[in-house]
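In what follows, chains are A, B, ... by sequence order, proteins preceding strands, each numbered from 1.
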2 protein chains.
Amino acid sequence: MAVYVSMMRTRSQDVTEILRGWILDGTVPAGERLEEVPLAERLGVSRTPLRAALTLLATERLLDYQPKRGYVVRRFGADDVFAAYEVRASIEGLACRLAATNGVPDDVAATLRACLAEGDRILSGGALAPGDLQPYQAMNERFHDAIISLSGNPWVERFVRQTHAIPFVSGRVILWHDYGVIRRSHDDHHRILAALVARDPARAEDLMREHVYFAGLFLRDNFDRVQAKPGEEPARSDPQEERPR
Amino acid sequence: MAVYVSMMRTRSQDVTEILRGWILDGTVPAGERLEEVPLAERLGVSRTPLRAALTLLATERLLDYQPKRGYVVRRFGADDVFAAYEVRASIEGLACRLAATNGVPDDVAATLRACLAEGDRILSGGALAPGDLQPYQAMNERFHDAIISLSGNPWVERFVRQTHAIPFVSGRVILWHDYGVIRRSHDDHHRILAALVARDPARAEDLMREHVYFAGLFLRDNFDRVQAKPGEEPARSDPQEERPR
DNA sequence: GGGTCCGAACTTGGATACATGATGCCGCCA
DNA sequence: TGGCGGCATCATGTATCCAAGTTCGGACCC
(Lines give C-alpha, C1' and ligand atoms only; values in the text may rest on other atoms or scores of the structure.)
Protein backbone atom coordinates (compact mmCIF):
# COMPACT_ATOMS: atom_id res chain seq x y z
CA MET A 1 0.00 0.00 0.00
CA ALA A 2 1.64 3.17 -1.16
CA VAL A 3 1.60 6.16 1.11
CA TYR A 4 0.69 9.22 -0.85
CA VAL A 5 2.42 12.43 0.05
CA SER A 6 0.36 15.36 -0.99
CA MET A 7 2.00 17.29 -3.80
CA MET A 8 -0.23 20.21 -2.97
CA ARG A 9 1.42 23.57 -2.89
CA THR A 10 -0.32 26.38 -1.13
CA ARG A 11 -0.01 30.02 -1.99
CA SER A 12 1.49 30.59 1.42
CA GLN A 13 4.36 28.27 0.59
CA ASP A 14 4.92 29.84 -2.80
CA VAL A 15 4.90 33.30 -1.32
CA THR A 16 7.27 32.21 1.43
CA GLU A 17 9.82 30.91 -1.05
CA ILE A 18 9.58 33.95 -3.25
CA LEU A 19 9.98 36.31 -0.34
CA ARG A 20 12.88 34.35 1.12
CA GLY A 21 14.57 34.51 -2.24
CA TRP A 22 14.01 38.26 -2.47
CA ILE A 23 15.56 38.74 0.92
CA LEU A 24 18.54 36.46 0.37
CA ASP A 25 19.43 37.92 -3.01
CA GLY A 26 18.83 41.50 -1.98
CA THR A 27 15.81 42.24 -4.15
CA VAL A 28 14.27 43.53 -0.95
CA PRO A 29 17.00 45.53 0.76
CA ALA A 30 17.86 45.12 4.42
CA GLY A 31 16.13 47.56 6.72
CA GLU A 32 13.12 47.91 4.45
CA ARG A 33 9.69 47.80 5.97
CA LEU A 34 7.36 45.25 4.42
CA GLU A 35 3.82 46.55 4.28
CA GLU A 36 1.22 43.94 3.78
CA VAL A 37 -1.12 45.50 1.26
CA PRO A 38 1.46 46.72 -1.26
CA LEU A 39 3.41 43.48 -1.00
CA ALA A 40 0.27 41.43 -1.44
CA GLU A 41 -0.59 43.34 -4.57
CA ARG A 42 2.95 43.00 -5.88
CA LEU A 43 2.72 39.26 -5.36
CA GLY A 44 -0.80 38.97 -6.67
CA VAL A 45 -2.28 37.34 -3.58
CA SER A 46 -4.43 38.46 -0.71
CA ARG A 47 -3.07 39.44 2.67
CA THR A 48 -3.84 36.06 4.24
CA PRO A 49 -1.19 33.85 2.63
CA LEU A 50 1.26 36.73 2.70
CA ARG A 51 0.82 37.08 6.43
CA ALA A 52 1.48 33.38 6.89
CA ALA A 53 4.71 33.80 4.96
CA LEU A 54 5.73 36.80 7.02
CA THR A 55 5.21 35.03 10.34
CA LEU A 56 7.25 32.11 9.05
CA LEU A 57 10.14 34.25 7.88
CA ALA A 58 10.02 36.12 11.17
CA THR A 59 10.45 32.86 13.10
CA GLU A 60 13.42 32.17 10.85
CA ARG A 61 14.77 35.53 12.00
CA LEU A 62 15.01 36.84 8.48
CA LEU A 63 12.52 39.54 9.47
CA ASP A 64 12.15 41.59 12.59
CA TYR A 65 8.63 41.80 13.87
CA GLN A 66 6.83 43.95 16.35
CA PRO A 67 3.11 43.70 16.96
CA LYS A 68 1.07 46.35 15.22
CA ARG A 69 4.23 47.78 13.71
CA GLY A 70 4.89 45.28 11.01
CA TYR A 71 7.88 43.51 9.59
CA VAL A 72 11.29 44.84 8.70
CA VAL A 73 13.96 43.05 6.68
CA ARG A 74 16.72 42.28 9.10
CA ARG A 75 20.14 43.73 8.55
CA PHE A 76 23.09 41.35 8.76
CA GLY A 77 26.54 42.71 9.44
CA ALA A 78 29.90 41.02 9.10
CA ASP A 79 29.83 40.12 12.79
CA ASP A 80 26.42 38.46 12.57
CA VAL A 81 27.58 36.44 9.61
CA PHE A 82 30.80 35.40 11.28
CA ALA A 83 28.91 34.39 14.41
CA ALA A 84 26.72 32.18 12.25
CA TYR A 85 29.83 30.56 10.81
CA GLU A 86 31.10 29.82 14.29
CA VAL A 87 27.91 27.92 15.02
CA ARG A 88 27.91 26.25 11.65
CA ALA A 89 31.48 25.11 12.14
CA SER A 90 30.56 23.56 15.42
CA ILE A 91 27.51 21.74 14.12
CA GLU A 92 29.04 20.56 10.87
CA GLY A 93 32.01 19.36 12.86
CA LEU A 94 29.62 17.32 14.94
CA ALA A 95 27.97 16.03 11.78
CA CYS A 96 31.32 14.95 10.45
CA ARG A 97 32.23 13.16 13.64
CA LEU A 98 28.94 11.30 13.66
CA ALA A 99 29.36 10.41 10.00
CA ALA A 100 32.82 9.00 10.68
CA THR A 101 31.43 7.02 13.58
CA ASN A 102 28.56 5.63 11.55
CA GLY A 103 30.68 4.84 8.54
CA VAL A 104 30.17 5.72 4.91
CA PRO A 105 28.01 3.46 2.71
CA ASP A 106 29.43 2.67 -0.70
CA ASP A 107 26.94 4.71 -2.68
CA VAL A 108 27.55 7.83 -0.60
CA ALA A 109 31.28 7.30 -0.82
CA ALA A 110 30.91 7.20 -4.58
CA THR A 111 28.98 10.46 -4.53
CA LEU A 112 31.60 12.12 -2.38
CA ARG A 113 34.42 10.85 -4.59
CA ALA A 114 32.59 12.21 -7.60
CA CYS A 115 32.48 15.60 -5.88
CA LEU A 116 36.20 15.46 -5.28
CA ALA A 117 36.86 14.51 -8.87
CA GLU A 118 34.75 17.36 -10.17
CA GLY A 119 36.50 19.82 -7.90
CA ASP A 120 39.87 18.53 -9.03
CA ARG A 121 38.84 18.96 -12.64
CA ILE A 122 37.60 22.51 -12.10
CA LEU A 123 40.75 23.51 -10.27
CA SER A 124 43.16 21.66 -12.53
CA GLY A 125 43.73 24.73 -14.66
CA GLY A 126 45.53 26.56 -11.92
CA ALA A 127 43.17 29.53 -12.06
CA LEU A 128 39.53 30.40 -11.40
CA ALA A 129 37.32 30.84 -14.44
CA PRO A 130 34.13 32.77 -13.70
CA GLY A 131 32.05 30.15 -15.43
CA ASP A 132 33.27 27.52 -13.01
CA LEU A 133 31.87 29.26 -9.96
CA GLN A 134 28.38 27.87 -10.34
CA PRO A 135 29.40 24.20 -10.80
CA TYR A 136 31.86 24.50 -7.93
CA GLN A 137 29.17 25.91 -5.65
CA ALA A 138 26.82 23.09 -6.57
CA MET A 139 29.55 20.52 -5.95
CA ASN A 140 30.41 22.11 -2.63
CA GLU A 141 26.82 22.00 -1.50
CA ARG A 142 26.41 18.37 -2.55
CA PHE A 143 29.52 17.43 -0.62
CA HIS A 144 28.46 19.11 2.59
CA ASP A 145 24.84 17.99 2.31
CA ALA A 146 25.90 14.39 1.87
CA ILE A 147 27.95 14.47 5.04
CA ILE A 148 25.17 16.12 6.98
CA SER A 149 22.81 13.39 5.88
CA LEU A 150 25.35 10.80 6.94
CA SER A 151 25.27 12.12 10.47
CA GLY A 152 21.87 10.53 10.89
CA ASN A 153 20.98 13.28 13.34
CA PRO A 154 17.87 15.15 12.20
CA TRP A 155 18.63 18.15 14.38
CA VAL A 156 22.01 18.61 12.80
CA GLU A 157 20.34 18.75 9.46
CA ARG A 158 17.75 21.21 10.66
CA PHE A 159 20.20 23.60 12.26
CA VAL A 160 22.66 23.56 9.43
CA ARG A 161 19.85 24.27 7.04
CA GLN A 162 18.88 27.22 9.19
CA THR A 163 22.37 28.64 9.05
CA HIS A 164 22.20 28.32 5.30
CA ALA A 165 19.10 30.50 5.35
CA ILE A 166 21.18 33.44 6.51
CA PRO A 167 22.37 35.88 3.89
CA PHE A 168 26.02 35.29 2.98
CA VAL A 169 26.21 32.10 5.04
CA SER A 170 24.59 29.96 2.42
CA GLY A 171 26.98 27.69 0.59
CA ARG A 172 25.84 29.50 -2.49
CA VAL A 173 28.05 32.41 -1.67
CA ILE A 174 31.64 31.61 -2.30
CA LEU A 175 34.37 34.15 -2.76
CA TRP A 176 35.75 33.27 -6.12
CA HIS A 177 38.82 35.33 -6.55
CA ASP A 178 41.64 33.66 -4.64
CA TYR A 179 42.78 30.43 -6.24
CA GLY A 180 44.96 29.46 -3.31
CA VAL A 181 42.11 29.66 -0.84
CA ILE A 182 39.79 27.58 -2.98
CA ARG A 183 42.55 25.08 -3.68
CA ARG A 184 43.18 24.67 0.03
CA SER A 185 39.46 24.41 0.75
CA HIS A 186 39.08 21.62 -1.74
CA ASP A 187 42.13 19.94 -0.31
CA ASP A 188 40.25 19.95 3.00
CA HIS A 189 37.51 18.04 1.22
CA HIS A 190 39.98 15.35 0.26
CA ARG A 191 41.25 14.96 3.78
CA ILE A 192 37.73 15.00 5.21
CA LEU A 193 36.64 12.13 3.02
CA ALA A 194 39.82 10.26 3.90
CA ALA A 195 39.07 10.69 7.59
CA LEU A 196 35.49 9.56 7.06
CA VAL A 197 36.35 6.35 5.28
CA ALA A 198 39.13 5.70 7.80
CA ARG A 199 36.48 5.93 10.55
CA ASP A 200 38.48 8.58 12.36
CA PRO A 201 35.84 10.69 14.13
CA ALA A 202 38.18 13.07 15.93
CA ARG A 203 40.15 13.94 12.82
CA ALA A 204 37.04 14.26 10.72
CA GLU A 205 35.52 16.68 13.22
CA ASP A 206 38.63 18.79 13.53
CA LEU A 207 39.05 19.05 9.79
CA MET A 208 35.46 20.07 9.18
CA ARG A 209 35.43 22.60 11.98
CA GLU A 210 38.49 24.33 10.68
CA HIS A 211 37.24 24.05 7.11
CA VAL A 212 34.05 25.92 7.89
CA TYR A 213 35.57 28.24 10.46
CA PHE A 214 38.17 29.47 8.06
CA ALA A 215 35.53 30.11 5.45
CA GLY A 216 33.85 32.36 8.00
CA LEU A 217 37.08 34.17 8.77
CA PHE A 218 37.82 34.67 5.11
CA LEU A 219 34.32 35.90 4.42
CA ARG A 220 34.47 38.36 7.30
CA ASP A 221 37.74 39.79 6.10
CA ASN A 222 36.33 40.19 2.62
CA PHE A 223 32.83 41.14 3.62
CA ASP A 224 32.72 44.37 1.68
CA ARG A 225 33.63 42.47 -1.43
CA VAL A 226 30.70 40.06 -1.24
CA GLN A 227 28.28 42.75 -0.17
CA ALA A 228 29.17 44.91 -3.10
CA LYS A 229 28.24 42.42 -5.75
CA PRO A 230 24.81 40.96 -5.19
CA GLY A 231 24.66 40.56 -8.94
CA GLU A 232 27.18 37.76 -8.54
CA GLU A 233 24.41 35.69 -7.02
CA PRO A 234 23.75 33.08 -9.66
CA ALA A 235 20.60 31.07 -10.08
CA ARG A 236 20.02 29.59 -6.69
CA SER A 237 19.18 25.97 -6.67
CA ASP A 238 15.71 25.79 -5.26
CA PRO A 239 15.90 26.96 -1.66
CA GLN A 240 12.92 25.03 -0.47
CA GLU A 241 13.86 23.78 2.93
CA GLU A 242 11.41 20.94 3.23
CA ARG A 243 13.05 18.91 0.54
CA PRO A 244 13.54 15.47 2.02
CA ARG A 245 16.60 13.54 1.21
CA MET B 1 12.51 61.32 23.20
CA ALA B 2 11.88 57.95 24.74
CA VAL B 3 11.76 54.99 22.46
CA TYR B 4 8.68 52.99 23.16
CA VAL B 5 8.89 49.27 22.89
CA SER B 6 5.44 48.02 22.27
CA MET B 7 4.24 45.92 25.16
CA MET B 8 1.44 44.75 22.95
CA ARG B 9 0.64 41.10 23.11
CA THR B 10 -1.36 39.63 20.30
CA ARG B 11 -3.70 36.72 20.63
CA SER B 12 -1.48 34.81 18.25
CA GLN B 13 1.42 35.07 20.65
CA ASP B 14 -0.68 34.06 23.62
CA VAL B 15 -2.10 31.10 21.75
CA THR B 16 1.38 30.10 20.61
CA GLU B 17 2.70 30.02 24.14
CA ILE B 18 -0.28 28.15 25.48
CA LEU B 19 -0.09 25.57 22.74
CA ARG B 20 3.64 25.14 23.09
CA GLY B 21 3.13 24.57 26.78
CA TRP B 22 0.44 22.01 26.13
CA ILE B 23 2.72 20.14 23.78
CA LEU B 24 5.79 20.28 26.01
CA ASP B 25 3.96 19.16 29.12
CA GLY B 26 1.92 16.51 27.36
CA THR B 27 -1.52 18.07 27.75
CA VAL B 28 -1.83 17.46 24.03
CA PRO B 29 -0.44 13.99 23.47
CA ALA B 30 2.05 13.22 20.73
CA GLY B 31 0.51 11.93 17.55
CA GLU B 32 -2.72 13.81 18.08
CA ARG B 33 -4.25 15.66 15.21
CA LEU B 34 -4.94 19.32 15.89
CA GLU B 35 -8.14 20.39 14.18
CA GLU B 36 -8.53 24.09 13.83
CA VAL B 37 -12.16 24.66 14.68
CA PRO B 38 -12.34 22.57 17.88
CA LEU B 39 -9.00 23.91 19.07
CA ALA B 40 -10.05 27.47 18.36
CA GLU B 41 -13.22 26.98 20.38
CA ARG B 42 -11.29 25.37 23.20
CA LEU B 43 -8.96 28.37 23.26
CA GLY B 44 -11.72 30.90 22.82
CA VAL B 45 -10.30 32.51 19.71
CA SER B 46 -11.05 32.40 16.03
CA ARG B 47 -9.14 30.35 13.52
CA THR B 48 -6.94 33.26 12.41
CA PRO B 49 -4.64 33.64 15.44
CA LEU B 50 -4.71 29.90 15.97
CA ARG B 51 -3.45 29.30 12.46
CA ALA B 52 -0.61 31.76 13.01
CA ALA B 53 0.36 29.81 16.11
CA LEU B 54 0.20 26.52 14.26
CA THR B 55 2.45 27.69 11.43
CA LEU B 56 4.92 28.99 13.98
CA LEU B 57 5.01 25.76 15.95
CA ALA B 58 5.35 23.84 12.72
CA THR B 59 8.45 25.83 11.76
CA GLU B 60 9.76 24.97 15.22
CA ARG B 61 9.18 21.36 14.25
CA LEU B 62 6.94 20.73 17.20
CA LEU B 63 4.15 19.94 14.76
CA ASP B 64 4.11 18.06 11.51
CA TYR B 65 2.23 19.77 8.74
CA GLN B 66 0.92 18.71 5.39
CA PRO B 67 -1.14 20.97 3.18
CA LYS B 68 -4.85 20.32 3.32
CA ARG B 69 -4.26 17.61 5.90
CA GLY B 70 -3.59 19.68 8.94
CA TYR B 71 -1.22 19.56 11.86
CA VAL B 72 -0.18 16.63 14.00
CA VAL B 73 1.71 16.77 17.28
CA ARG B 74 5.09 15.34 16.54
CA ARG B 75 6.19 12.23 18.35
CA PHE B 76 9.62 12.32 19.96
CA GLY B 77 11.35 9.09 20.76
CA ALA B 78 14.39 8.49 22.94
CA ASP B 79 16.63 8.64 19.89
CA ASP B 80 15.28 12.00 18.75
CA VAL B 81 15.80 13.43 22.19
CA PHE B 82 19.30 12.07 22.48
CA ALA B 83 20.15 13.46 19.07
CA ALA B 84 18.98 16.86 20.27
CA TYR B 85 21.27 16.55 23.26
CA GLU B 86 24.20 15.82 20.99
CA VAL B 87 23.59 19.05 19.16
CA ARG B 88 22.94 20.97 22.34
CA ALA B 89 26.18 19.69 23.83
CA SER B 90 28.06 20.90 20.81
CA ILE B 91 26.51 24.35 20.80
CA GLU B 92 26.64 24.93 24.54
CA GLY B 93 30.24 23.80 24.44
CA LEU B 94 30.87 26.49 21.86
CA ALA B 95 29.02 29.00 24.02
CA CYS B 96 31.21 28.11 26.95
CA ARG B 97 34.38 28.45 24.94
CA LEU B 98 33.34 31.86 23.67
CA ALA B 99 32.38 32.92 27.17
CA ALA B 100 35.77 31.90 28.49
CA THR B 101 37.43 33.78 25.67
CA ASN B 102 35.40 36.91 26.29
CA GLY B 103 35.81 36.79 30.05
CA VAL B 104 33.19 37.01 32.77
CA PRO B 105 32.04 40.43 34.02
CA ASP B 106 31.80 40.77 37.78
CA ASP B 107 28.02 40.97 37.94
CA VAL B 108 27.58 37.80 35.91
CA ALA B 109 30.22 36.06 37.97
CA ALA B 110 28.23 36.97 41.04
CA THR B 111 25.07 35.53 39.51
CA LEU B 112 26.85 32.32 38.64
CA ARG B 113 28.36 32.02 42.09
CA ALA B 114 24.91 32.53 43.58
CA CYS B 115 23.68 29.64 41.46
CA LEU B 116 26.48 27.46 42.74
CA ALA B 117 25.72 28.41 46.33
CA GLU B 118 22.05 27.62 45.94
CA GLY B 119 22.83 24.28 44.38
CA ASP B 120 25.25 23.50 47.20
CA ARG B 121 22.58 24.34 49.73
CA ILE B 122 19.95 22.19 48.05
CA LEU B 123 22.30 19.24 47.82
CA SER B 124 23.85 19.66 51.25
CA GLY B 125 21.39 17.24 52.83
CA GLY B 126 22.82 14.28 51.00
CA ALA B 127 19.48 13.33 49.47
CA LEU B 128 16.92 14.65 47.00
CA ALA B 129 13.76 16.09 48.48
CA PRO B 130 10.91 16.32 45.98
CA GLY B 131 10.25 19.90 46.96
CA ASP B 132 13.75 20.88 45.91
CA LEU B 133 13.30 19.82 42.30
CA GLN B 134 11.66 23.03 41.19
CA PRO B 135 14.23 25.42 42.72
CA TYR B 136 17.05 23.28 41.39
CA GLN B 137 15.58 23.35 37.89
CA ALA B 138 15.27 27.12 38.04
CA MET B 139 18.83 27.46 39.26
CA ASN B 140 20.09 25.15 36.54
CA GLU B 141 18.35 27.15 33.87
CA ARG B 142 19.70 30.45 35.20
CA PHE B 143 23.22 29.04 35.22
CA HIS B 144 23.10 27.80 31.65
CA ASP B 145 21.28 30.87 30.36
CA ALA B 146 23.86 33.18 31.86
CA ILE B 147 26.68 31.38 30.09
CA ILE B 148 24.84 31.37 26.81
CA SER B 149 24.36 35.11 27.08
CA LEU B 150 28.04 35.50 27.84
CA SER B 151 28.91 33.89 24.52
CA GLY B 152 27.85 37.08 22.80
CA ASN B 153 26.84 35.03 19.79
CA PRO B 154 23.17 35.58 18.97
CA TRP B 155 22.94 32.39 16.94
CA VAL B 156 24.15 30.31 19.81
CA GLU B 157 21.41 31.76 21.92
CA ARG B 158 18.82 31.14 19.28
CA PHE B 159 19.79 27.54 18.62
CA VAL B 160 20.10 26.58 22.24
CA ARG B 161 16.71 28.07 22.88
CA GLN B 162 15.35 25.94 20.07
CA THR B 163 16.76 22.79 21.58
CA HIS B 164 15.08 23.74 24.83
CA ALA B 165 11.79 23.83 22.96
CA ILE B 166 11.96 20.11 22.39
CA PRO B 167 10.00 17.87 24.72
CA PHE B 168 12.26 16.33 27.38
CA VAL B 169 15.21 18.47 26.30
CA SER B 170 13.92 21.50 28.08
CA GLY B 171 15.77 22.32 31.27
CA ARG B 172 12.44 21.86 32.97
CA VAL B 173 12.81 18.13 32.80
CA ILE B 174 15.39 16.82 35.19
CA LEU B 175 15.54 13.30 36.43
CA TRP B 176 15.33 13.73 40.15
CA HIS B 177 15.93 10.35 41.62
CA ASP B 178 19.67 9.72 41.63
CA TYR B 179 21.52 11.88 44.12
CA GLY B 180 24.91 10.89 42.82
CA VAL B 181 24.15 11.99 39.29
CA ILE B 182 22.81 15.37 40.38
CA ARG B 183 25.73 15.83 42.74
CA ARG B 184 28.17 15.19 39.92
CA SER B 185 26.25 17.43 37.56
CA HIS B 186 26.43 20.29 40.02
CA ASP B 187 30.12 19.59 40.54
CA ASP B 188 30.48 20.14 36.80
CA HIS B 189 28.97 23.57 37.34
CA HIS B 190 31.69 24.41 39.82
CA ARG B 191 34.43 23.37 37.46
CA ILE B 192 32.81 25.16 34.54
CA LEU B 193 32.73 28.45 36.39
CA ALA B 194 36.33 27.92 37.47
CA ALA B 195 37.36 27.39 33.86
CA LEU B 196 35.44 30.49 32.81
CA VAL B 197 37.03 32.83 35.30
CA ALA B 198 40.43 31.27 34.58
CA ARG B 199 39.88 32.18 30.90
CA ASP B 200 40.52 28.62 29.84
CA PRO B 201 38.41 28.19 26.68
CA ALA B 202 39.41 24.63 25.86
CA ARG B 203 38.69 23.30 29.34
CA ALA B 204 35.44 25.25 29.57
CA GLU B 205 34.26 23.80 26.27
CA ASP B 206 35.20 20.24 27.14
CA LEU B 207 33.51 20.43 30.52
CA MET B 208 30.28 21.84 29.15
CA ARG B 209 30.14 19.37 26.29
CA GLU B 210 30.49 16.41 28.58
CA HIS B 211 28.11 17.97 31.10
CA VAL B 212 25.33 18.23 28.57
CA TYR B 213 26.19 15.07 26.69
CA PHE B 214 26.02 12.96 29.79
CA ALA B 215 22.65 14.45 30.66
CA GLY B 216 21.49 13.22 27.27
CA LEU B 217 22.90 9.76 27.83
CA PHE B 218 21.33 9.54 31.25
CA LEU B 219 17.99 10.73 29.95
CA ARG B 220 18.05 8.23 27.13
CA ASP B 221 18.77 5.36 29.46
CA ASN B 222 15.91 6.43 31.72
CA PHE B 223 13.56 7.56 29.02
CA ASP B 224 10.66 5.40 30.06
CA ARG B 225 10.85 6.93 33.50
CA VAL B 226 10.46 10.49 32.30
CA GLN B 227 7.82 9.59 29.77
CA ALA B 228 5.64 8.00 32.38
CA LYS B 229 5.96 11.06 34.57
CA PRO B 230 3.13 13.25 33.21
CA GLY B 231 0.72 10.79 34.78
CA GLU B 232 -0.11 9.18 31.49
CA GLU B 233 0.34 5.54 30.82
CA PRO B 234 3.49 5.13 28.75
CA ALA B 235 2.69 5.52 25.08
CA ARG B 236 1.51 2.10 24.11
CA SER B 237 2.94 1.05 20.81
CA ASP B 238 0.02 1.73 18.56
CA PRO B 239 0.00 -0.59 15.55
CA GLN B 240 -2.16 1.88 13.62
CA GLU B 241 0.30 4.66 14.18
CA GLU B 242 1.49 4.60 10.60
CA ARG B 243 -1.93 5.12 9.15
CA PRO B 244 -1.92 8.58 7.57
CA ARG B 245 -4.76 10.27 9.41
C1' DG C 1 8.49 79.54 18.93
C1' DG C 2 8.41 75.08 20.82
C1' DG C 3 6.12 71.43 22.99
C1' DT C 4 2.08 68.87 23.84
C1' DC C 5 -2.39 67.12 22.98
C1' DC C 6 -5.81 65.50 19.96
C1' DG C 7 -7.70 63.35 15.99
C1' DA C 8 -7.80 61.49 11.37
C1' DA C 9 -5.79 58.33 8.29
C1' DC C 10 -3.44 54.30 7.78
C1' DT C 11 -1.67 49.71 9.06
C1' DT C 12 -2.01 45.59 11.24
C1' DG C 13 -4.75 41.93 14.13
C1' DG C 14 -8.79 39.13 14.25
C1' DA C 15 -13.31 37.30 12.60
C1' DT C 16 -16.18 35.63 9.19
C1' DA C 17 -17.54 34.08 4.67
C1' DC C 18 -16.41 31.56 0.62
C1' DA C 19 -13.47 28.17 -2.36
C1' DT C 20 -11.10 23.96 -2.87
C1' DG C 21 -9.09 19.68 -2.09
C1' DA C 22 -9.30 15.36 1.03
C1' DT C 23 -11.91 11.67 3.17
C1' DG C 24 -15.09 8.25 3.58
C1' DC C 25 -19.46 6.23 2.79
C1' DC C 26 -22.54 3.87 -0.17
C1' DG C 27 -24.16 1.70 -4.03
C1' DC C 28 -23.15 -0.55 -8.23
C1' DC C 29 -21.11 -3.98 -10.94
C1' DA C 30 -18.14 -7.84 -11.91
C1' DT D 1 -18.66 -10.68 -1.91
C1' DG D 2 -15.12 -7.59 -2.91
C1' DG D 3 -13.40 -3.83 -5.37
C1' DC D 4 -14.15 0.41 -7.77
C1' DG D 5 -16.16 4.95 -8.60
C1' DG D 6 -18.87 8.84 -7.62
C1' DC D 7 -20.94 11.91 -4.47
C1' DA D 8 -21.64 14.04 0.12
C1' DT D 9 -19.29 15.93 3.91
C1' DC D 10 -15.89 18.17 6.20
C1' DA D 11 -11.40 20.40 7.16
C1' DT D 12 -8.30 23.48 5.41
C1' DG D 13 -6.78 27.54 2.30
C1' DT D 14 -7.95 32.13 0.81
C1' DA D 15 -10.43 36.45 0.51
C1' DT D 16 -12.86 40.02 2.57
C1' DC D 17 -14.68 42.66 6.35
C1' DC D 18 -14.44 44.76 10.89
C1' DA D 19 -11.78 46.26 15.09
C1' DA D 20 -8.03 48.23 17.34
C1' DG D 21 -3.46 50.30 17.75
C1' DT D 22 0.05 53.32 15.70
C1' DT D 23 1.64 57.25 13.34
C1' DC D 24 1.84 61.75 11.92
C1' DG D 25 0.30 66.30 11.20
C1' DG D 26 -1.88 70.36 12.81
C1' DA D 27 -3.84 73.28 16.16
C1' DC D 28 -3.67 75.06 20.62
C1' DC D 29 -1.49 76.43 24.85
C1' DC D 30 2.39 77.92 27.49
Side-chain angles (χ1 to χ4, degrees), chain A residues 1-20 23 28 31-74 240-242, chain B residues 1-20 23 28 31-59 62-74 238 240-245:
Chain A
M1 176 171 54
V3 174
Y4 284 96
V5 175
S6 171
M7 222 103 43
M8 175 113 199
R9 297 203 46 80
T10 66
R11 277 171 229 263
S12 306
Q13 294 175 317
D14 293 337
V15 168
T16 303
E17 279 179 33
I18 294 171
L19 258 185
R20 191 189 288 117
I23 294 168
V28 185
E32 176 147 313
R33 169 131 184 253
L34 297 181
E35 287 181 82
E36 295 179 1
V37 175
L39 243 191
E41 283 175 8
R42 189 170 164 190
L43 288 160
V45 298
S46 84
R47 281 177 58 212
T48 309
L50 171 61
R51 290 182 51 186
L54 291 173
T55 59
L56 201 154
L57 294 173
T59 68
E60 289 183 1
R61 301 295 198 278
L62 245 53
L63 302 176
D64 284 331
Y65 166 72
Q66 282 196 307
K68 276 287 181 184
R69 290 190 197 171
Y71 298 84
V72 175
V73 179
R74 184 164 163 193
Q240 62 181 9
E241 62 177 19
E242 299 296 334
Chain B
M1 177 175 66
V3 174
Y4 285 97
V5 174
S6 174
M7 220 85 57
M8 176 114 199
R9 299 214 29 94
T10 65
R11 279 176 227 271
S12 305
Q13 294 175 318
D14 293 337
V15 168
T16 303
E17 280 180 31
I18 294 172
L19 257 186
R20 191 190 286 116
I23 295 169
V28 184
E32 175 147 313
R33 168 130 184 252
L34 297 180
E35 288 182 83
E36 296 180 1
V37 175
L39 241 193
E41 284 175 7
R42 187 170 165 191
L43 288 160
V45 297
S46 85
R47 283 177 57 212
T48 309
L50 171 62
R51 283 173 57 93
L54 290 173
T55 58
L56 201 153
L57 294 172
T59 68
L62 246 54
L63 302 176
D64 283 332
Y65 167 72
Q66 282 196 307
K68 275 286 184 185
R69 290 193 200 170
Y71 298 84
V72 175
V73 180
R74 184 165 160 192
D238 190 340
Q240 314 233 341
E241 174 181 333
E242 297 299 324
R243 185 181 53 184
R245 188 176 180 132

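- Of all nucleotides listed (D:dG13, C:dT11, C:dG14), C:dG14 comes nearest to the side chain of A:Arg47.
- Distance B:Gln66 CD to D:dA11 P: 18 Å, rounded to the nearest Å.
- The distance between atom CG of A:Leu50 and atom P of C:dT11, rounded to the nearest whole Å, is 14 Å.
- Out of D:dT14, C:dG14, D:dG13, the shortest distance to the side chain of A:Ser12 is found at D:dT14.
- Nucleic acid contact for B:Arg51: base, since at least one base atom lies under 4.0 Å from a heavy atom of the residue.
- At a threshold of 4.0 angstrom between heavy atoms, the contacts of A:Leu54 with the nucleic acid are absent.
- Between B:Glu36 and A:Ser46, it is B:Glu36 whose nearest contact on DNA chain D lies nearer the 5' terminus.
- B:Thr10 comes within 4.0 angstrom of sugar-phosphate atoms only, judged by non-hydrogen atoms across all strands, and of no base.
- Atom CD of A:Glu35 is separated from atom P of C:dA9 by 18 Å (rounded to the nearest Å).
- Nearest-nucleotide mapping onto DNA chain C: of A:Leu34 and B:Gly44, the residue sitting toward the 5' end is A:Leu34.
- The closest donor-acceptor contact from the side chain of A:Gln13 to the backbone of A:Thr10 lies under 3.5 Å.
- A distance-only check finds a donor-acceptor pair linking the side chain of A:Arg61 to the backbone of A:Thr59 [under 3.5 Å].
- Here the shortest heavy-atom pairing between A:Gly31 and A:Val72 reads O-CG1, 3.5 Å.
- For the pair B:Arg33 CZ and C:dA22 C1', the computed distance is 10 Å after rounding to whole Å.
- No donor-acceptor distance shorter than 3.5 angstrom exists from the side chain of A:Glu17 to the backbone of A:Asp14, with no hydrogens or angles considered.
- Taking atom CE of B:Met8 as the reference point, atom C1' of C:dT12 lies 9 Å away to the nearest angstrom.
- Of all heavy-atom pairs spanning A:Leu50 and A:Ala40, the tightest one is CD2-N, 3.6 Å.
- A:Tyr65 places its OH atom 13 Å from the C1' atom of D:dT22, with the value rounded to the nearest Å.
- Side-chain to base pairing of B:Lys68 with C:dT20: one donor and one acceptor N or O lie within less than 3.5 Å of each other.
- At whole-Å resolution of the value, CG in B:Leu63 and C1' in D:dT12 are 15 Å apart.
- D:dT16 atom P lies 11 Å from atom CZ of A:Arg11, rounded to whole Å.
- With distances taken from any side-chain atom of A:Thr48 to the nucleotides D:dT22, D:dT12, D:dA15, the minimum falls on D:dA15.
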